[in-house]
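Worksheet for the structure shown next.
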Amino acid sequence: MANEQITEIKRIFTSRLDVLDHLLDVAEKHVADTDTLMQERLADDMLPFGAQIVFMCNQPRGFSQWCAGEPVDNRKPELATLAEARALIKETRTMVEGIDVDDSKLDEIKRLGLGPGAFCEIPGHQYVNDYLIPNLYFHITTTYAMLRKMGIPLGKADYMTFLRPHIQKEA
């Protein structure tokens, strides 16, 4: 089974889920009431912190479901506790790890709903590159920004933990 591209997509999704989990670890050390954290907002007209986690997880979840030939069933943006967020991340990771298709899946057409009465049909490659990955990064970046706004001491190294295994030191 030729699956270099699928393997890379899985790596990106799982490593970014790890980043999200790491951000929650840091937040948990600095926030007394983690349940209140789930309702924090970056702006009044923006969905809360918990919703950002759900939306971030919906990207790899949807890809996993599409790969399995199942309808994409996005989770509702409702998380009340940090424990629920961690369970969703774990569940999403398990779904991604279970993807078992070859790269030809990416040549299939994906119908993408874009709101009431709107959709597009695009090849799987484009679905990943133009929809899933940008949405994934939007929501993880928003999560990071929300934590920074709350005074959580995070930096770029926290956002890019997936690079740690590749870091080398000059002699």
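The residues of the chain are indexed from 1 along the displayed sequence.
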Between atom [atom1] of [X] and atom [atom2] of [Y], what is the distance when rounded to the nearest 0.5 Å?
X: Lys156; Y: Thr161; atom1: NZ; atom2: OG1; value: 14.0 Å
X: Glu4; Y: Glu8; atom1: CD; atom2: CD; value: 10.0 Å
X: Met38; Y: Leu82; atom1: CE; atom2: CG; value: 6.0 Å
X: Ser15; Y: Lys10; atom1: OG; atom2: NZ; value: 13.0 Å
X: His22; Y: Leu17; atom1: NE2; atom2: CG; value: 14.5 Å
X: Glu78; Y: Leu47; atom1: CD; atom2: CG; value: 10.5 Å

- Query: Only one of Thr142, Asp158, Leu42, Leu37 clears side-chain contact (heavy atoms from CB on, under 4.5 Å) with Leu147; which?
  - Reply: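 When Thr142, Asp158, Leu42, Leu37 are each tested with Leu147, the side-chain contact (heavy atoms from CB on, under 4.5 Å) holds only for Leu37.
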Group every Ile, Leu, Val, Met, Phe, Trp and Tyr by side-chain heavy-atom contacts under 4.5 Å, then state whether [X] and [Y] land in the same group.
X: Ile133; Y: Leu114; value: yes
X: Ile109; Y: Val101; value: no
X: Val96; Y: Leu20; value: yes

Counting only N and O atoms by type, is there a donor-acceptor contact under 3.5 Å from the side chain of [X] to the main-chain atoms of [Y]?
X: Asn58; Y: Arg75; answer: yes
X: Lys105; Y: Gly124; answer: no
X: Glu84; Y: Ala80; answer: yes
X: Thr141; Y: Phe138; answer: no
X: His139; Y: Phe55; answer: no
X: Gln52; Y: Ile140; answer: no
X: Asp103; Y: Ile6; answer: yes
X: Arg111; Y: Glu121; answer: no

Less than 4.5 Å apart, any side-chain heavy atom of [X] and any of [Y]?
X: Leu106; Y: Ile9; result: yes
X: Gln126; Y: Pro123; result: yes
X: Phe119; Y: Leu112; result: no
X: His125; Y: Asp107; result: yes
X: Thr81; Y: Thr34; result: no

- Item | Parallel, tilted or perpendicular, as decided by the 30° and 60° cut-offs, for the rings of Phe63 and Trp66 |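 Rings of Trp66 and Phe63: tilted, 30 to 60°.
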- Task: Return the orientation label for the Tyr144 and Tyr159 ring planes: parallel under 30°, perpendicular over 60°, tilted otherwise.
- Result: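 Answer is perpendicular, since the angle exceeds 60°.
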Looking only at heavy atoms, what is the nearest atom pair of [X] and [Y], with distance?
X: Leu24; Y: Ala85; answer: CD1-CB, 4.1 Å
X: Ile89; Y: Cys57; answer: CG1-SG, 4.0 Å
X: Val72; Y: Gly62; answer: CG2-O, 3.5 Å
X: Phe13; Y: Pro60; answer: CG-CB, 3.5 Å
X: Gln65; Y: Asp73; answer: OE1-N, 2.9 Å
X: Arg41; Y: Pro48; answer: NH1-CD, 3.7 Å

Ionic contact status for [Y] with [X], cut-off 4.0 Å:
X: Arg86; Y: Asp25; answer: yes
X: Lys149; Y: Glu40; answer: no
X: Asp21; Y: Lys90; answer: no

- Item | Geometric cation-pi criterion, Arg16 with Tyr137: 6.0 Å, 45° |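 Checked: cation-pi criterion not met.
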- Does the side chain to side chain contact (heavy atoms under 4.5 Å, CB included) test come out yes or no for Val128 and Gln5, once each step is laid out? CA-CA 11 Å; Val128 171; Gln5 294 172 346; over 6 Å; no
